[in-house]
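Before any comments, here is the structure.
Protein chains get the first letters and strands the later ones, always in sequence-line order, with residue 1 at the start of each.
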Amino acid sequence: MELLGYIFDYVVFPGFLFTAIVGLLTTWVDRKVSARVQWRVGPPWYQPFVDTVKLMGKETIIPAGAARTGFLAMPVIGLAAATLASTILWKVNLNPGSSFLGDSIVVLYIMTIPAITLIIGGSASGNPLGILGASREMKMLFAYELPLVIVVLTSVYKAGSFSFAEILAYQEANGIMLGSFSGVIAFIVAIMCAQAKCALLPFDIPEAETELAGGSHIEYSGTPYAVVRLIMASMYFIVPVFIITLFWGGFNFSGWSILTSILKYVAIIVIMVLIRNTNPRVRIDQMVRFFWGPMLVLSIIAMILAVVGY
Amino acid sequence: MSLGLKALKKSPWVFHVNTGACNNCDIEILDALTPRFDVERFGIVLVGSIRHADVLLISGPVTRNVLPRLKRLYEQAPKPIKVIVIGACGCNCGIFRDGYNIIGPVDKHIPVDAYVPGCPPKPETIIAGVVKVLNTL
Ligand code: SF4
């Protein structure tokens with residue numbers, strides 16, 4: 001029975017099905033808000049679902065120079081990892097009792113796996129542009145991961161524990177992390193890292209539609225590409241949830257707080273979409289300098305403030 | 001009609017190929033993708049990789065240099081794929097008919113689903129052409 005419960009958690013709610021549906025809806029919000037920014041009407045709400053179904057009906061091509069197993073297995077592993085991260089996060093938010101010691105570290109680790117699978121998948125495609133995209137993705141991973149870990153640590157330091165449940169309980173008792181100086185700074189850094197983690201515009205360097213034609217996704221077609229898009233959509237969903245859990249008091253589904261929970265989520269998405277729509281893409285060196293320069297300094301300041309008690 | 005085809009009708013991703021056009025047709029294609037016409041309402045997006053394409057928009061007469069690439073692009077595209085020829089050049093070589101380097105219109109080399117005539121065609125005409133192709137699905 002317990003096993004069945006785990007399988008249900010992983011496959012239906014809050015795992016695969018829930019993550020995929022909400023993730024795809026999030027990409028619709030992204031496209032719709034972008035359209036409104038450009039003074040257009042934008043696609044209907046079911047557009048991402050139609051795209052996914054269509055991709056599943058198309059031919060799957062494995063390029064002649066590709067490493068077959070790696071090329072096809074990587075999207076699946078990435079999707080499994082994204083789903084797992086989402087399951088852990090949501091289980092904790094719905095029922096703090098299911099938290100375990102160090103789950104924030106586990107989720108932080110698992111959230112890097114989709115990026116790594118895309119790196120391997122891009123390299124396995126045998127396409128020079130795919131390999132270029134993979135190498136850029138790797139550089140980006142090195143750049144944003146350091147400030148992200150430090151800002152996660154500020155939250156952990158304040159709550160005095162690595163488990164999400166304690167972080168949420170601390171925020172319940174002492175007010176949200178965002179209410180303090182260190183929390184605000186950490187939140188800003190986290191949003192920037194989220195932008196890079198979801199490969200959204202100032203940092204969509206590995207995909208770079210205009211020069212790399214999709215980067216590490218370039219050779220994916222048909223169902224594998226649908227899976228790759230699902231990974232991107234899931235990340236778009238998970239990363240804001242992760243930030244809200246750490247800095248903004250998490251989600252609460254009793255009574256009216258459902259509304260504020262959804263509003264928090266939508267607010268973060270809209271911030272990310274607005275950043276995406278108002279910034280041009282930066283070069284790799286600018287990106288690395290940005291994350292290892294100002295963002296790293298800010299995250300260390302946040303950490304110091306947290307230690308001295310602000 | 002299968003579910004996949006039904007979905008294809010709602011989200012045709014276009015890939016743009018220039019086979020030796022004078023670049024005017026290409027500019028008109030870009031016009032058709034601007035916010036003024038907002039084709040994303042119908043799920044139409046421009047994609048950068050041929051592997052993601054559902055519709056090929058081909059502009060221009062086929063030159064000797066570009067023919068092998070055109071054939072290869074067509075083979076690289078995941079099926080089902082629809083081919084739309086934009087401009088008089090693609091339909092029947094247009095003003096370049098007597099060029100020393102021109103080897104026939106597009107449909108001599110790969111199957112074509114629709115022709116959009118005009119030199120260059122208006123964005124409205126291009127959109128109408130795409131709609132006609134989707135209606136044949
Ligand atoms: S049809 Fe006219 S506008 Fe289009 S490529 Fe040919 S010459 Fe240029």
Handout entry: More than 12 heavy atoms from other groups under 6.0 Å of CZ on B:Arg64
Key = yes
Handout entry: A:Lys54 NZ/CZ over B:Trp13 ring centroid, <6.0 Å and within 45° of normal
Key = yes
Problem - Inter-residue atom distance B:Glu40.CD - A:Lys32.NZ, 0.5 Å rounding - result: 9.5 Å
Practice task
Quick one: pull up CZ in A:Phe49 and OG in B:Ser11 and give me the separation to the nearest 0.5 Å.
Solution key: 13.5 Å
Practice task
First locate atom NZ of B:Lys79, then atom CD1 of A:Ile61, and finally report the distance between them rounded to the nearest 0.5 Å.
Solution key: 6.0 Å
Practice task
For the residue pair B:Pro80 and A:Lys58, establish whether any side-chain heavy-atom pair is separated by less than 4.5 Å.
Solution key: yes
Handout entry: Within 6.0 Å of CZ in B:Arg97, more than 12 heavy atoms from elsewhere
Key = no
Problem - Largest heavy-atom contact set with chain B, pairs under 4.5 Å, which of A:Thr52, A:Thr60, A:Val53 - result: A:Val53
Exercise for the section: Please report the shortest heavy-atom distance between B:Asp38 and A:Val41, naming the atom on each side. Expected result: OD2-N, 2.8 Å
Completion exercise
Given A:Pro63, A:Pro44, A:Ser221, the one with more heavy-atom pairs under 4.5 angstrom with chain B than any other is A:Ser221
Practice task
Step through the shown structure and confirm whether more than 12 heavy atoms of other residues, nucleotides or ligands are within 6.0 Å of CZ on B:Phe37.
Solution key: yes
Problem - Spacing of A:Leu129 atom CG and B:Ser49 atom OG [to the nearest 0.5 Å] - result: 9.0 Å
Exercise for the section: Could you list which of residues 111-133 of chain B have a heavy atom closer than 4.5 Å to any heavy atom of chain A, in residue-number order? Expected result: none
Exercise for the section: For B:Lys10, look at atom NZ and say whether over 12 heavy atoms of other residues, nucleotides or ligands are found less than 6.0 Å away. Expected result: no
Handout entry: Contact class of A:Gln47 relative to chain B, heavy atoms under 4.5 angstrom
Key = side chain
Handout entry: Region of B:Ile50 in contact with chain A, defined by heavy-atom distances below 4.5 Å
Key = neither
Completion exercise
Within residues 51-61 of chain B, the residues sitting under 4.5 Å from chain A by heavy atom, in sequence order, are B:Arg51, B:His52, B:Ala53, B:Asp54
Exercise for the section: Without swapping roles, check the side chain of A:Glu59 against the backbone of B:Pro78 for a donor-acceptor pair under 3.5 Å. Expected result: no
